[in-house]
Amino acid sequence: MGYPQKVLQIADDIKTMRIRGAGRIARSAAEAMKHAAVEYNGNPYLGEFKEYMVNVAKLLISTRPTAVSLPNAVIYVLRSLKGRGSFEDARKAVISYAEEFIKNSEEAVKKISEMGAKRIKEGSIVLTHCHSTAAVEVIAKAYREGRVLKVYNTETRPFLQGRITFAHLRKYGVPVVQIPDSAVRYIMDEVDYVVVGADTVTSNGAVVNKIGTSQVALAARESRVRVYVAAESYKFSPLTLIGELVKIEFRDPEEVVPHEWLERHPGVRVLNPVFDVTPPEYIDAIITEYGVLPPQAAILILVDKLGWTLDSIKYSDNILGNLEKIIE
Ligand code: RUB
């Protein structure tokens, strides 16, 4: 059985980065799961429906490898199938869990903006990198409260997500100064806070975010500038509790250099890693919807708030290969 057009479109939009940013990716994936359930036109048998939903989940999870928000959102919705007695009951459960995930996710960003803004002192200069909805919302709220004077915003090569951040901050009326990524250290003496988002937070508080974030954090540390990470709880990775490493995505060299340049230099190697890891020592706090935490307390979100235990991480090292187990 094929998948609804809208599901295929969302999967393709995530892969090609028309939908991007870990939070938006997660919400769109939940939306796709909902659509898959609404538009299911196979046999009305529970077993068949479950198999179909697992396949949709696999398709969505395979689109991008780094942001854990994607499998976390899909698995949240897939879990709704556990213990269902009938096809109709299962279909309704998928729809309501997907809606619940999206609503909770939007509320989490709002709470983060409120708590995060309070951490910024009046009259501050903030630097941000890439485009993070959670970080932008913290900065915009802080600006409305008179805490932010100006934002330095990196262009974020090679994909230039900084231009999206620029547009959002401008829409909120925040004074923004665009800088190339290479100007971060030059400007850092003027900066009071770095505020960035996260694609994945590991159980030891390391933050995986857009390539260059770790360089920004390094420069901030040298200048004793505070680094805040705005991250909803579904950015925390349960598999890192059992020592899994986060897979860093590498994208097309043509995002870095033009096609003609590559043709003129046959055999040239161009690397395009799109995320990097900032260790917990370089982060002052992670702002979540459950509160502002030192990065070393990341494990509390996974265990206390999300309820993970070592025993419950049964799908271990290969999520894609073990999704069926989640709904047994
Ligand atoms: C986006 C990126 C963002 C995080 C957090 O990378 O690294 O900082 O995803 O964003 P890409 P948000 O553009 O490659 O998806 O706070 O919006 O979830």
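Bear in mind the structure is a predicted one, so any value in this text is a computation, not a measurement. Positions are given from 1, in the same order as the sequence printed here. Whatever order the structure lists ligands and atoms in, that order sets their numbers, starting from 1.
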Donor-acceptor pair, side chain of R27 and main chain of I102, under 3.5 angstrom
no
For the pair K118 and E145, find out whether any cationic side-chain nitrogen is under 4.0 Å from an anionic carboxylate oxygen.
no
Pairs under 3.5 Å, nitrogen or oxygen of ligand 1 with protein nitrogen or oxygen:
from	atom 1	to	atom 2	distance (Å)
ligand 1	7 (O)	D199	OD1	2.8
ligand 1	7 (O)	N209	OD1	3.1
ligand 1	7 (O)	K210	N	3.3
ligand 1	8 (O)	N209	OD1	2.6
ligand 1	9 (O)	A22	N	2.8
ligand 1	9 (O)	D199	OD1	3.2
ligand 1	9 (O)	D199	OD2	3.0
ligand 1	13 (O)	R20	NE	2.5
ligand 1	13 (O)	R20	NH2	3.1
ligand 1	13 (O)	Q161	NE2	2.8
ligand 1	14 (O)	R64	NH1	3.4
ligand 1	14 (O)	R64	NH2	2.9
ligand 1	14 (O)	K210	NZ	2.7
ligand 1	15 (O)	G21	N	2.9
ligand 1	15 (O)	R64	NH1	2.9
ligand 1	16 (O)	S132	OG	2.7
ligand 1	16 (O)	T133	N	3.2
ligand 1	16 (O)	A134	N	3.1
ligand 1	17 (O)	T133	N	2.7
ligand 1	17 (O)	T133	OG1	3.2
ligand 1	18 (O)	A22	N	3.4
ligand 1	18 (O)	G23	N	2.7
ligand 1	18 (O)	K235	NZ	2.9

Please name all residues satisfying ring-ring contact (aromatic ring centres under 6.0 Å, His included) with Y228, sequence neighbours left out, ordered by chain then number.
Y193
Identify the residue among K58, K50, K82 that makes a salt bridge (Lys or Arg N to Asp or Glu O under 4.0 Å) with E324.
K58
Would you call the rings of Y52 and Y3 parallel, tilted or perpendicular if under 30° counts as parallel and over 60° as perpendicular?
tilted
Kindly say whether V184 contributes a backbone atom to a donor-acceptor pair with the side chain of Y152 at under 3.5 angstrom?
no
